[in-house]
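All remarks here apply to the structure that follows.
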Amino acid sequence: MRRGPSWFNITAITLGFAFLYLPIVLLVIYSFNASKLVTVWGGFSTKWYVSLLSNQGLLDAAWVTIRVALLSATLATVLGTLAAIALVRFGRFPGGTLFSGMVYAPLVMPEVITGLAMLLLFVAIGFARGFWTLTLAHITFSMCFVAVVVQSRLITFDRSLEEAALDLGCPPFKTFFTITLPLILPAVVAGWMLAFTLSLDDLVISSFTTGPGATTLPMKIYSQVRLGVTPEINAICSILIGIVATGVIIASIVTKRREVERQRAERLALQIG
Amino acid sequence: MAGKSLTAGKSLGPVRRAFAPWNDPAAKPFIQFQNVTKTFGDFTAVDDLSLNIYEREFFALLGPSGCGKTTLMRMIAGFEEPTSGHVMLDGQDLVGVPPYRRPTNMMFQSYALFPHMNVWDNIAFGLKQDGMAKADIATRVDEMLALVKLEKFARRKPHQLSGGQKQRVALARSLAKKPKVLLLDEPLGALDKKLREETQFELIDLQVRLGMTFVIVTHDQEEAMTVADRIALMDQGKIVQIATPGEIYEQPNSRYVADFIGDINILEGKVTSTEGGVATLDCIGTGAKVQVTQDGGAKLGDEAWFAIRPEKVSISLTPPEDPSVNAVSGEVWDIGYLGDVSIYHIRLATGATVKSTITNTTRLVSRPITWEDKVWLTWSRDGGVVLTR
Ligand SMILES: Nc1ncnc2c1ncn2[C@@H]1O[C@H](COP(=O)(O)OP(=O)(O)OP(=O)(O)O)[C@@H](O)[C@H]1O
Ligand SMILES: [Mg+2]
């Protein structure tokens, strides 16, 4: 029998990855382009990264984006976790099905509609649009993603652990923080990361709900691209890709290490028996 | 708990033999169920049940799957509230007291060890809730670790332990707070037979030494007979009989109990005489009269059942000389060889089958009684019992 991948497999993988990553690779390469023309290679340079530092507009947008993402991801995680607990724990309560449906609705709702609905609400209650409306909108749409992630973990959570804690004299509230939360923490963190990324790159809902002085990076990039792509945009996008990639790599290393540790411990336990 | 007995050679015989508060009318029950009913939706899991458990008793709940054993235990622990009735502990009504305020601890069937804490922290968890001083906690945890012989494993996480070790941690954790009552829900289910038998004796040992009240749920009747002072046999949310292991085996109060505990021959009949404490049954199954000593449960003319354990039926190739002994003749139909004993299935002339166990006292070379032999089955008047339900 022949070993190793066949020609067909190699071709398929190459094409697949090229399809996925070629645009990104091009973007990163052109961010180091000395020429001002985006499509003409003029030699290697980091001058666009340097000039980014003096582009106050982009820097402001980046700062807004990060603040909104941190705040909305954190609040969405708290609310989403609470919603997940309510959905899993209280079993069938009157209106339970409706409630779970309502938590998940934004998951499939077209962003344009969510954005528009939010805008109408803020206008109706006379809420001045800006940083806070933006944050609220982001919490709303990312919360359900957190709820889904945390809920799937809670379903497999062994309730007798909580009962054991209660049995040993730990009141319910404390049980949640000493037993339940530490055990579902990986799911909560995953939910937070998801909410953070969703907030970071949201364009549609942000455009609807923002106001003066609260322009996010995706909005800024989008508006500048309409005037023509500059190498500076390539540079800032490369930085964003770098941040996201680092996050993903760290997360997977941590998970991997934990897995390896666990396997080693299990082998140890078996030997001692 | 593999290894030597914890009391190092001191027999518990005198303690165990003298203990029988349930016969003492002045004794105050420690745990009391008073007409407790528990329903889930329209399903009744525990049905108007009353029960007394005494201090320092080792009490076993036995019964088929789904009969309500766990539900009963969870009502003591506080995870379920009775739909009606009262659960009392030491004279105090437990209804409405949350689990974290009850002086009971439970050893869970799944052990429920906290996976993110090591063995030491697992055992210390309950003590920390009481706001015990750090030094006292450390002393107590070390004491518990020594008790279950896990000193070397204090820093291990639960997933680094074998099944038997986990079970010992769970036991140590539930004992650490010195609860008034320890609840054990099928604690030995995950262990192999040998380890299980050793652990059963360790549990008895612990219970007597610590002077605690233990309530154990089990599927395994041998386990219940080994560890318990008294056994409650349950069926569909009701208690069918509460008695010591000896009584429940020798004097079952119904066919259900007789059949559930151990192996037994049950033959249907009619009571034709009850003179002088001896009931005479006309057994349809044996085609003969059976005489049984009894204390007056069966009345003349009653429909009744004669029940006798296989080990109390003896087999011989000749008819008995004493005509007052119960005897029937039959043919050896089948023999089951189990090593220590052989079970003989004897087919009677009526077509009924009676089982008899014979201890194999010598190495089996050739059987003195073998297939298709014509044999006599005999048993004494106090070998079996008359059951009226
Ligand atoms: N929370 C619940 N909701 C609905 N029904 C329940 C609930 N808990 C228990 N039951 C039902 O009550 C009955 C008794 O359950 P229980 O767990 O006490 O049985 P058990 O005697 O412990 O059985 P096993 O030996 O299988 O553990 C079962 O028929 C079970 O389906
Ligand atoms: Mg059970």
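Each chain gets a letter, A, B and so on, in the order its sequence line appears, and its residues count up from 1.
Across all non-hydrogen atoms, the minimal contact from Glu163(A) to Phe79(B) is O-CZ, 3.2 Å. Contact detail for Pro115(B) and Leu161(A): the closest heavy-atom pair is CD-CD1, 3.9 Å.
Annotation: side chain of Lys174(A) is in contact with side chain of Gln129(B) (closest heavy-atom distance under 4.5 Å). Between Leu168(A) and Phe114(B) the shortest side-chain heavy-atom distance falls below 4.5 Å. Ile179(A) places a side-chain heavy atom less than 4.5 Å from the side chain of His116(B).
Of the atoms belonging to Leu113(B), it is backbone heavy atoms, and not side-chain ones, that fall under 4.5 Å from chain A. Contact of Arg173(B) with chain A is made through backbone and side chain together, with heavy-atom distances under 4.5 Å. Heavy atoms closer than 4.5 Å to chain B are found in both the backbone and the side chain of Leu166(A). For Met117(B), the part lying under 4.5 angstrom from a heavy atom of chain A is the side chain only.
Other residues, nucleotides and ligands place no more than 12 heavy atoms under 6.0 Å from the CZ atom of Arg56(B). The local environment of CZ in Phe17(A) is sparse, with at most 12 non-hydrogen atoms from other residues, nucleotides or ligands closer than 6.0 Å.
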Give the C-alpha distance, both sets of side-chain angles, the deciding distance and a yes or no for side-chain contact (heavy atoms from CB on, under 4.5 Å) between Thr178(A) and Phe125(B).
CA-CA 10 Å; Thr178(A) 50; Phe125(B) 186 86; 4.2 Å; yes

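Considering CZ of Phe108(B) and CG of Asp167(A), their distance stands at 5.0 Å, rounded to 0.5 Å.
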